[in-house]
2 protein chains.
Amino acid sequence: MSNPSETAFELKLAAFVALSQDELDVMKRFHRKRLTISAGGDLVHQGQSDRVAYILARGWVCSYKILANGARQIVDFQIPGDFLGLRSVLLQTSDHGIEPVTDIEVSEVSAEDLLEVFSEFPRLATAVLWAASRDEAMVVEHLIDLGRRSASERTAHFLLELGARCALVGEGEKAAYKCPLTQYHLADALGLSAVHVNRVLRYLRENFRVMFRDGHVAIGDYERLVDFAEFDPVYLDHQTPLIR
Amino acid sequence: MSNPSETAFELKLAAFVALSQDELDVMKRFHRKRLTISAGGDLVHQGQSDRVAYILARGWVCSYKILANGARQIVDFQIPGDFLGLRSVLLQTSDHGIEPVTDIEVSEVSAEDLLEVFSEFPRLATAVLWAASRDEAMVVEHLIDLGRRSASERTAHFLLELGARCALVGEGEKAAYKCPLTQYHLADALGLSAVHVNRVLRYLRENFRVMFRDGHVAIGDYERLVDFAEFDPVYLDHQTPLIR
DNA sequence: CGGGCGCTTGATAGGCCTCAACGTAAGTGG
DNA sequence: CCACTTACGTTGAGGCCTATCAAGCGCCCG
């Protein structure tokens, strides 16, 4: 419990169930194998079918899929405390890649450990189900971005969501946070070309005083941008623990 | 166990864990409250925050979100055996609506029942987590449709996925299945206008002998279409149960 | 029989992509 | 210290893909 980055995951689950000492103890087994990976390399590559997941302790990663024509779609970004590759463990297949955006630190969790802990401590299984539901809610919102929002609404919505997520884990404020992404990352996440992302960012800068540069995001006209993007963060908010 | 439609859900979970008699018995409590709803009405409307989920026994539904400008994005369709509104129970909020596409039959499951069963039978919690992961994989694939596939690739991919899903639950074959959706449903799912869906369907009909009419889908040049859409059904396949 | 729903087709407009060029800043090696 | 390279960002011109508007058809059902 000494290193806060080791416990971002536990903190997240604690928002759902009040964790007992036993439960906290057993989760230590998740952090036995620690890896450090530098930005750019692949953590999991597309098509790989191993049976391990990871818990992100430090840094940002993105999960993506590459199509035959070379186009890449980023599905989601993960920040400390998030699970990586949980789906590939449960479904025994990985059809997407995971790439560190920054240098990262992860704990490797084997399928056996995971399933064993779940059967001994059912509340943890429920808590992870809750966390997965929260992740899915983000993917759903992202899907709505791509399906029915214009490029500028979509970009605005995305920047607002990132801010809210960072604020929730104490990495900045919702209207001013550090963000290691490039415009190419944004393009691949938003289904746009990098060129068009640049234009959209200019539009947002001129109309809502949105700054995206040098690894830092600042949103001047926050309330107006929330309105413009129809951003509603309910799906992100931590609630009172459902289970005591 | 007499009515097969009551057990589509159990069949689905059994693909992940080998269910004991005790586990089958306890799940009967999920089916105590049975509802029938006719097409068109809302099952859950956007913004509602009740604490019940449903298990779909018969018929098709779609979950969607409506934006301020009136545009609708359909996130996913559910078919018998699928959970409805699991996220809204766990996250205690529902920011999307659920609409029956056909007349449907559902079992209502309260949050208490669900969480109680999970704590008594941890394997069921894990099994539901697995099912939720499978649903998320479909949402992810849908997101890639919207982000990086052209209208025709996207439509083709979607029709192929529907076929594979129907075949898996024994409701038709992958290249010929009953489908109660209108072109408007397709449009709202694919992020297109209904007019353009119509044109795309004509293109697919002329180039891949894809028929979409009268509630029935038939795909003539199946292999060529799979190629065209880069359809890879790994994320749908039932695997050998992970847990015995 | 009228009206609504779903489907079809054409004309036009516009959002976003592609291609291409250029700017800026940081790193690297001689 | 400077030439070179690389990564990232910026801007313009032209064109394709998809939306919008509009009209019309067939069918079912009240």
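All chains are named by letter (A, B, ...) in the order of the sequence lines, taking the proteins before the strands, and each is independently numbered beginning at 1.
Here the side chains of B/E105 and B/L35 are not in contact, with every heavy-atom distance at 4.5 Å or above.
Between A/C62 and A/V101, the closest heavy-atom pair is N-CG2, 4.0 Å.
Going from atom CG of B/L181 over to atom C1' of C/dG6 covers 13 Å, rounded to whole Å. Straight-line distance from the CG atom of A/L186 to the P atom of C/dC17: 13 Å, rounded to whole Å. Remark: C1' of C/dC7 and CG of B/D214 are 11 Å apart, rounded to the nearest angstrom. Taking atom CG on A/L201 and atom C1' on C/dC16, their separation rounds to 15 Å, with Å as the unit.
Here the range on DNA chain D touched by chain A, meaning any atom under 4.0 Å from one of its heavy atoms, is D/dC8 to D/dA13.
Scanning for side chain to side chain donor-acceptor pair (under 3.5 Å) contacts around B/K65 gives A/E141, with sequence neighbours left out. Contacts of A/Q78 classified as side chain to side chain donor-acceptor pair (under 3.5 Å), with partners at least two apart in sequence or in another chain: none. Applying the side chain to side chain donor-acceptor pair (under 3.5 Å) criterion to A/R209, with sequence neighbours excluded, gives A/D221. With sequence neighbours excluded, no residue forms a ring pair (Phe, Tyr, Trp, His ring centres under 6.0 Å) with A/F30. For A/F77, the ring pair (Phe, Tyr, Trp, His ring centres under 6.0 Å) partners two or more places apart in sequence, or in a different chain, are A/F158. With sequence neighbours left out, the side-chain contact (heavy atoms from CB on, under 4.5 Å) criterion links B/A131 to B/K12, B/L13. Residues passing the ring pair (Phe, Tyr, Trp, His ring centres under 6.0 Å) test with A/F228 are A/F208, sequence neighbours excluded.
Remark: B/T155 OG1 to B/H157 NE2 distance equals 11.5 Å, nearest 0.5 Å. Here the straight-line distance linking atom CG of B/L225 with atom OG of B/S152 works out to 10.0 Å at 0.5 Å rounding.
At a non-hydrogen distance threshold of 4.0 Å, B/S150, B/A151 from residues 146-161 of chain B come into contact with DNA chain D. Residues of residues 188-198 of chain A having a heavy atom closer than 4.0 Å to DNA chain D, listed by number: A/V195, A/N198.
Direction change of the helix axis from one end of the helix from C/dC1-D/dG30 to C/dG30-D/dC1 to the other is 30°, with five pairs defining each end axis (rounded to 10°).
Look at B/Q183 and you won't find any side-chain N or O under 4.0 angstrom from OP1 or OP2 of C/dC5.
Identified under the side-chain hydrogen bond (donor to acceptor under 3.5 Å, both in side chains) test for residues 176-194 of chain B, with sequence neighbours left out: A/R148-B/D188, B/R72-B/D188, B/T182-B/H185, B/Q183-B/N198.
Between A/R165 and A/D82 there is a salt bridge, since a side-chain N of the basic residue sits under 4.0 Å from a carboxylate O of the acidic one.
When heavy atoms are screened at a 4.0 angstrom cut-off, A/R202 is found touching the sugar-phosphate backbone but no base atom.
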